[in-house]
A.B. asks: 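Below are the structure tokens for one structure; questions will follow.
Chain letters run A, B, ... following the sequence lines, proteins first, then strands; residues in each count from 1. Every heavy atom of this structure was used, including side-chain atoms; hydrogens, water molecules and symmetry mates were not. Not measured: the values here are computed from a predicted model.
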There are 2 protein chains.
Amino acid sequence: MAPVKNGRVLFNSVPEGFPEPGKTTVYDASQTIDPDTVPLEGGFLVKVLELSIDPYMRGRMRAPEKKSYSPPFALGQPLVSHGVGVVLRSEHSKVKAGDHVYGMLEHQNYIVKKDLFLLQTFENPNKLPWSAFIGVLGMPGKTAFMAWREYSQAKKGETVFVSTGAGPVGSLVIQIAKSQGLKVIGSAGSEEKVQFMKEIGADVAFNYKTTNTAEVLEKEGPIDIYWDNVGGETLDAALDAASLGARFIECGMISGYNTGGAPVKNLANVIGKSISMHGFIVSRLEEKHSAAFFAEIPPKVASGEIKYREDKYNGLETVGDVLLAVQKGTNKAKAVIHVADE
Amino acid sequence: MAPVKNGRVLFNSVPEGFPEPGKTTVYDASQTIDPDTVPLEGGFLVKVLELSIDPYMRGRMRAPEKKSYSPPFALGQPLVSHGVGVVLRSEHSKVKAGDHVYGMLEHQNYIVKKDLFLLQTFENPNKLPWSAFIGVLGMPGKTAFMAWREYSQAKKGETVFVSTGAGPVGSLVIQIAKSQGLKVIGSAGSEEKVQFMKEIGADVAFNYKTTNTAEVLEKEGPIDIYWDNVGGETLDAALDAASLGARFIECGMISGYNTGGAPVKNLANVIGKSISMHGFIVSRLEEKHSAAFFAEIPPKVASGEIKYREDKYNGLETVGDVLLAVQKGTNKAKAVIHVADE
């Protein structure tokens, strides 16, 4: 086989506010690779099939001196995110050609990997689309399932409010909460997303851009659990509408990611209402809840009992635009970059 | 016995910022009572000995339509707070003359009580001063002991930061944390309070008015536990200095009590650092931890192993000024109103 293009998406500069396609990230098509002959040096060659674009990635687009839970992207190097690939060739004892790998993958067409660091091979007995493994069966799905198990203390008849309830995390939270007999209030930023939340069982679904969150919660609350993907004013409204002993699961605060943080004013409610607020990083919950996740979720996805949606984009060239869409919330569902067919 | 003065401290108007002695509360000496003949109607007569002035009382000085965990004070009626009294006469089957009662008492010299609602009789086998029962052995002491047991998950060698570490709650937290082998950083608002924190074992004690909190925590942290009595900027500094998996015990946010709330900007650290933040109301922890508290703390107070300090004021006439002092932090230690000798 002759050398082929090995396209890459490079982290080019630190965004000041929102990411800027072509500036903060650039698509680079200058490299080539010969998949048949590229030296593996004891490793293996991965062809990237699907890549995930997630809200948290904004946090990695930062200057290296700023500390956070995930390392910053390296300037001039490819972005990295959760993805699925297929192994084309291998000299590694634990990996063979034809295996599929899930984990952190560079944003490029072909990658020579030395080992399975931040990667694992996996089976797909239910013949689900590969992209499902970066959504409902991947990090977002685990985030919803594991943190709900760890922190919600959900009881039948309670009320939960889920912000960004049409996203890959929020939509699974809604379905789990409904299956446990809770009243579910969900918010999202478009009529189409509101429609999807209703389809998956939300008792109350509203568009926060056209409906006042505090008014909805005043009417439909108080809320016993708040699943926060947003922070800022939405968190303030939830604090005001919380019941005594409420649990707040802090999954994300996207309202502040591109503005240097969104101040919260109503935090004193934490004391007055005995609220427990739990931040978490899903990787710290994996060991405890992985077995339950894989026993419960894949069969329900395969049977259709658990629904999920994807917003699929074709090719690495689209990554910059999709990164921005996810930060602005203009994507329609879980953002997936379809990099290549198998 | 001839009728005697029955002085009262009345809630007179809702403060807009800080309480104003003589305006938001007034001392009223117009009533008299004859302790020998006042009708008890099946109840009992309490002579008030000691009353507590606590930071949370600002929250009760509010308009009645505003909801919170403790009911608002009634305009035109006496303030109510934790106190100790002695029973002079009784027609109640569970109370006899000479008993001492602890609990919620009106700010007046003599009170006819119908029943033991929010009150209990108690013994004082170690002959401790009555005022100890509204401080280290009362609500503030229980607050420190019970919330620490419930939420700290303290491990030897960890670091805790205690704000208002010279107060009745903070100073007990410091002593408990030291006894469990933690490194303790304490802050307070005067050199005298700093000295007291050192005396009770704080490894690092500083005056937040003359020393930058964030700089101290940067140097002495990261912190695994934050005991928050302050909120606002101090909480922001603690969020920045927290370690992965830190526990924040939200006991109070006095920095916002008189200003309509102090915004918090660094809350996204809750996610990035997997922080759990626990608001609480001590009455909800009593059932679980009362036995341990009474087994452990009174003997240690009697032996001097646990130290406490009081800032004692004489007479109901001082209540208005002391309320303000506690909100401003100009009191020197746990504020106690000595209403009468036994």
A.B. asks: Considering residues, nucleotides and ligands other than Gln180(A), do more than 12 of their heavy atoms fall under 6.0 Å from its CD?
C.D. replies: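 Atom CD in Gln180(A) is packed in, count exceeds 12.
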
A.B. asks: Kindly check if the number of other-residue, nucleotide or ligand heavy atoms within 6.0 Å of CD (Glu286(B)) is above 12?
C.D. replies: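 Enclosed.
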
A.B. asks: Other residues, nucleotides and ligands only: do more than 12 of their heavy atoms fall within 6.0 Å of CD on Glu220(B)?
C.D. replies: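 Buried by this count: over 12 neighbours within 6.0 Å.
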
A.B. asks: Between Ser276(B) (side chain only) and His278(A) (backbone N and O only), is there a donor and an acceptor less than 3.5 Å apart?
C.D. replies: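 Such a contact is absent between Ser276(B) side chain and His278(A) backbone.
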
A.B. asks: When you look at CD of Gln120(A), are more than 12 heavy atoms from neighbouring residues, nucleotides or ligands closer to it than 6.0 Å?
C.D. replies: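 Atom CD in Gln120(A) is crowded, with more than 12 foreign heavy atoms closer than 6.0 Å.
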
A.B. asks: Which is it for Ile271(B) and Ile281(A) under the side-chain contact (heavy atoms from CB on, under 4.5 Å) test, yes or no, and what are the steps along the way?
C.D. replies: CA-CA 7 Å; Ile271(B) 301 169; Ile281(A) 304 164; 5.8 Å; no

A.B. asks: Where do Arg284(A) and Ser274(B) come nearest, in terms of heavy atoms and distance?
C.D. replies: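 Distance-wise, the nearest heavy atoms are NE-OG, 3.3 Å.
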
A.B. asks: With a 4.5 Å cut-off on side-chain heavy atoms, are Met277(B) and Ile275(A) touching?
C.D. replies: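 No, their side chains stay 4.5 Å or more apart.
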
A.B. asks: Assess whether side-chain contact (heavy atoms from CB on, under 4.5 Å) is satisfied between Lys265(B) and Val264(A), documenting all intermediate values.
C.D. replies: CA-CA 6 Å; Lys265(B) 295 175 202 146; Val264(A) 174; over 6 Å; no

A.B. asks: If you tally heavy-atom pairs under 4.5 Å against chain B, which of Gly231(A), Ala262(A), Cys251(A) wins?
C.D. replies: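 Winner by heavy-atom pair count: Cys251(A).
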
A.B. asks: May I have all residue pairs that pass side-chain hydrogen bond (donor to acceptor under 3.5 Å, both in side chains) and include part of residues 164-176 of chain B, sequence neighbours excluded?
C.D. replies: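 Sorted pair list: Thr164(B)-Asn229(B).
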
A.B. asks: As a quick check of understanding, evaluate side-chain contact (heavy atoms from CB on, under 4.5 Å) for Leu235(B) and Leu267(A), giving each step before the final call.
C.D. replies: CA-CA 11 Å; Leu235(B) 176 52; Leu267(A) 206 59; 3.6 Å; yes

A.B. asks: Taking salt bridge (Lys or Arg N to Asp or Glu O under 4.0 Å) as the test, write out the residues that go with Arg247(A), two or more places apart.
C.D. replies: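 If we apply the salt bridge (Lys or Arg N to Asp or Glu O under 4.0 Å) test to Arg247(A), skipping adjacent residues, the hits are Glu158(A).
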
